[in-house]
Visitor: 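This is the structure I have questions about; it appears just below.
Throughout, a chain's letter reflects where its sequence line sits, starting with A, and its residues are numbered from 1.
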Amino acid sequence: MKVYDPKTIEKKWQTIWEEEGAFHASENKEKPKYYALIEFPYPSGQGLHVGHPRPYTALDIVARKRRMQGYNVLFPIGWDAFGLPTENYAIKNKIHPKTVTARNIARFKKQLQSLGLSFDWSREINTTDPSYYKWTQWIFLQLFKRGLAYKKEMAINWCTSCKVGLANEEVVGGVCERCGGKVERRMKTQWMLAITKYADRLIDDLEDVDYIERVKTQQKNWIGRSEGAEVDFQVAGKPLRIYTTRPDTMFGVTYMVMSPEHPYLEEWKDRIQNYEEVQAYQQAALSKSDFERTELAKDKTGVELKGIEAVNPVNGAKIPVFISDYVLMSYGTGAIMAVPGHDTRDWEFAQKYHLPIIEVVAGGDVTREAFTDIEKGTLVHSGFLDGMQVEDAKEAMIKWLEEHRIGKRKVNFKLRDWVFSRQRYWGEPIPVVHCPKCGYVPLPEEELPLLLPEVESYEPGPDGESPLASMTEWVHTSCPRCGGPAERETDTMPQWAGSSWYFLRYMDPHNDQALASKENLQYWSPVDWYNGGMEHTTLHLLYSRFWHKFLYDIGVVPTKEPYQKRTSHGMILGANGEKMSKSRGNVVNPDEVVEQYGADTMRLYEMFIGDFEKAVPWSENGVKGCRRFLERVWKLQEMMTPEEGISKDMETWIHKTIKKVSLDDESLKFNTAIAAMMALVNEFYQKGSVTRGEMRILLLLLGPDAPHITEEMWEACGFSGRLYQQSWPVWDEAKTVEDMITIAVQINGKAKGTLRISKDADQAAAMTAFRADERLMAQIEGKTIIKEIYVPGRIVNVVVKG
RNA sequence: GCAGUUAUGGCGGAAUUGGUAUACGCGCUAGACUAAGGAUCUAGUGUCCAUUUUAGCGACUUGUGGGUUCGAGUCCCACUAACUGCACCA
């Protein structure tokens, strides 16, 4: 027998699979389909790190198993290649981002291929390819035509020293990450997508999909649906509209708070006696992010609007009005009614500014803290609401408000519309022209793709406009509608755009008539299993579901939801338990692991490393252990005997293992599936032999995890065909349990021994066995049995007294 | 801060979902083979205690403190710590 030499074997089988087109999804639509999807990588300059292969290997195992189960499997790969890091690298090194991207992709591709992942490389896509982004632009036009893309004034982060707009990530501790300059919020007109129009459906349709629970919860909370009321308070002769989830507490309102950006402030500037102070506060608020502003721990600040007074519509009370930065213009109406007795932030604010706190829901002590429990509590000091429970009082108040035309029921969402513009070069150009006469005019579809022009410099312009703005020739164009002079949009799309629909393109990646053909969309939709990082649970997942629902509405795609099943993997950390990063110096390069131990060992370790859903540190010794296991599997060849069947004493072992591996691979428990195979191999070693029939099963089970070594052994053992073409083994449930089993015995709930009984024994039989056991009986001598508990196949518990 | 999640040996983790806690792997200890072992094989390995007249049907143990139950790592309540996301990173 040859020694196990992964380098030779892996190269050999990767070439054979490639030549045989082993993993190409078939265009034959007779077979049942299975679509397994991983999040396509961003081809960064650092190359692959060992975190990438974790989800890829997991779904590779699923894909390989599904092929063995008779499915036509689509398991594709591509590149999410637009983005900030590439652009910043290009600026710094004066290389075209296109060149950087091509180089990074080549490297990633080589690395991924060395792992033996069964991707269908014939369907590879790239979001920066004009034949791809043509359809990203096409989708944008459809959104625009249906009024879901619109322009709005939005605050952006502005570095006062670089004079460019910054991503939130580039703002560190309130200053520019690059130059340390002061960052402030500056208003800019931005393209927005009206995702909030889909908020209800994005929540409700989660009912129909199989996402792990924490992903569903996270999505719901992010969308943040709340039911309450909008109410108009009369302030300085105008109705000031607020949103509240607690209309029942309206009798407890002792002041109001407006966002510093509220448009009324400008209108009231002659009436506000301390307008200068207000302006100073507005300036200060500009330099803070929403995140800093709403932080609960921080000291509440605010300015009272002197000369302005509000009237509480329920009781006519005159109350002061403040501005404070904890009220955001982007949520609700930008103004709130403050009920310090029953809202924590309001309570703290009231304490600081010595504002009255009125208890309107009994049950707590509002002199000590806000009482916010809505489950228990009875309304007091609240006129017609007195004596009601919170939920009833809410309804009663809404009814009252609607009758008096002061307010109305209103559902609100935390979700905000999607800011879709970037003042950047390396993104899809937005296919819209601004005409002085016709306004924003979409480019005709036949002019797509609107190519990203070559520019001299990728630096954003001095006023924060996109680098494209300096391309005067490109910018000056004619209006598609009236033919007059017009200007192109110079902002580009965010990276999210290309990744919001990529899974559709895989279904028909070379189609130039449509984003994918109807037949292919019909056959492959939806994605059966999508695995990705928890960090994409709110944004990417929500954005792509939104686009998909929109495409469904306009008849492009056949399903309401893009992904039938969504799971999530944990991060792989450095050996020191910290996040892997270049600056921490704890990055492990998969190339070195493959070079030293082989791709199969790498794959096996990635799956065996720990709980798939949890973050886990990398361990070189763990890798060695996996290599050792593969060596042991390899050496089984030396003790193989010629019987094609399974020996009698191994029957239970084999069937138990088939069952364990089959089920565990479906529920992300790859680690225990591998543990079961290790235990089986240990058993072969204990026996000192393995039959051909047993070897066959082991290779089939291990195949998806370690495809190269098993394919090689399959051939070396003289089994016919290729391993990847075989059927997945099935287990016989009856053979997974021995006839005689060992169960635990407890006395008063404490483990005291075991019993050998038949697996079908009833309680009487179990107790007979118990009484026949002298050692156990000795322990209850002189005591009275007051209860006997028997859980078949599990345990006997005898409760004694005395 | 808000939202979500997690906590089990020296380490990664397992536990049929309320039924013998620590499977499997790493590490460690001893032995075998060997010129050698950082290769391989065999045995052992939660903590404490007892047993040297012998290896136990002994006590304790799943972040902390309570509770429910014949029985709790698992369920409930209160705490603590850590991780992820927070809308222009992807």
Visitor: Report, as a single string ordered 5' to 3', how protein heavy atoms within less than 4.0 Å touch nucleotides 12-26 of chain B: B base, S sugar-phosphate only, - not at all.
Guide: BSSSB--BB--BBSS
Visitor: Give me the distance, rounded to whole Å, that separates rA7(B) from rU74(B) when you measure between the C1' atoms they each carry.
Guide: 14 Å
Visitor: So what does L84(A) touch, heavy atoms closer than 4.0 Å: a base, only the sugar-phosphate, or nothing?
Guide: sugar-phosphate
Visitor: Does the Lys NZ or Arg CZ of R632(A) fall within the cation-pi geometry relative to Y685(A) - under 6.0 Å from the ring centre and within 45° of the axis?
Guide: yes
Visitor: Is E774(A) touching bases, backbone alone, or none of the nucleic acid, heavy atoms closer than 4.0 Å?
Guide: nothing
Visitor: Between rA82(B) and rU8(B), how many Å separate the two C1' atoms, rounded to a whole number?
Guide: 16 Å
Visitor: Paired with rG10(B) by Watson-Crick or G-U wobble geometry, both distances under 3.5 Å: which nucleotide is it?
Guide: rC26(B)
Visitor: With a 4.0 Å cut-off on heavy atoms, is E613(A) in touch with a base, just the backbone sugar-phosphate, or nothing at all?
Guide: nothing
Visitor: Distance between the P atoms of rA15(B) and rC75(B), in whole angstroms?
Guide: 14 Å
Visitor: Using both distances under 3.5 Å as the test, list the Watson-Crick or G-U wobble partner of rA78(B), or none.
Guide: rU64(B)
Visitor: What's the base orientation of rA81(B): syn (chi within 90° of 0) or anti?
Guide: anti
Visitor: May I ask you to say what L415(A) touches in the nucleic acid, namely base, sugar-phosphate or nothing, with a heavy-atom cut-off under 4.0 Å?
Guide: base
Visitor: For rU5(B) and R214(A) - does any side-chain N or O of the residue sit under 4.0 Å from the phosphate oxygens OP1/OP2?
Guide: no
Visitor: Step by step, work out the ring pair (Phe, Tyr, Trp, His ring centres under 6.0 Å) result for Y605(A) and W618(A).
Guide: CA-CA 9 Å; Y605(A) 178 61; W618(A) 184 262; 4.9 Å; yes
Visitor: If rC41(B) has a Watson-Crick or G-U wobble mate with both distances under 3.5 Å, name it; if not, just say none.
Guide: rG31(B)
Visitor: Report yes or no: is the cationic atom of R627(A) (NZ for Lys, CZ for Arg) closer than 6.0 Å to the six-membered ring centre of Y597(A), at no more than 45° off its axis?
Guide: no
Visitor: Which listed nucleotide (rU40(B), rC88(B), rG4(B)) is nearest to the side chain of N157(A)?
Guide: rC88(B)
Visitor: With rounding to whole Å, what would you report as the distance between rU45(B) and rG65(B) at their C1' atoms?
Guide: 32 Å
Visitor: When the C1' atoms of rA21(B) and rG71(B) are considered, how many whole Å apart are they?
Guide: 14 Å
Visitor: Taking the same atom, C1', in rC41(B) and in rG58(B), what whole-Å distance lies between them?
Guide: 35 Å
Visitor: Output a table of donor-acceptor pairs, distance under 3.5 Å, between side-chain atoms of residues 656-663 of chain A and any protein atom two or more places apart or on a different chain; print 'none' if there are none.
Guide:
unit_1: T657(A); atom_1: OG1; unit_2: W653(A); atom_2: O; d: 2.6
unit_1: K659(A); atom_1: NZ; unit_2: E733(A); atom_2: OE1; d: 3.3
unit_1: K659(A); atom_1: NZ; unit_2: E733(A); atom_2: OE2; d: 2.8
unit_1: K660(A); atom_1: NZ; unit_2: D664(A); atom_2: OD2; d: 3.1
unit_1: S662(A); atom_1: OG; unit_2: I658(A); atom_2: O; d: 2.7
unit_1: S662(A); atom_1: OG; unit_2: W728(A); atom_2: NE1; d: 3.0

Visitor: Give me the distance, rounded to whole Å, that separates rG46(B) from rA39(B) when you measure between the P atoms they each carry.
Guide: 24 Å
Visitor: How would you label the contact of H540(A) with the nucleic acid (heavy atoms, under 4.0 Å): base, sugar-phosphate, or nothing?
Guide: nothing
Visitor: Could you walk me through whether N621(A) and S619(A) pass side-chain hydrogen bond (donor to acceptor under 3.5 Å, both in side chains), step by step?
Guide: CA-CA 5 Å; N621(A) 279 327; S619(A) 153; 5.3 Å; no
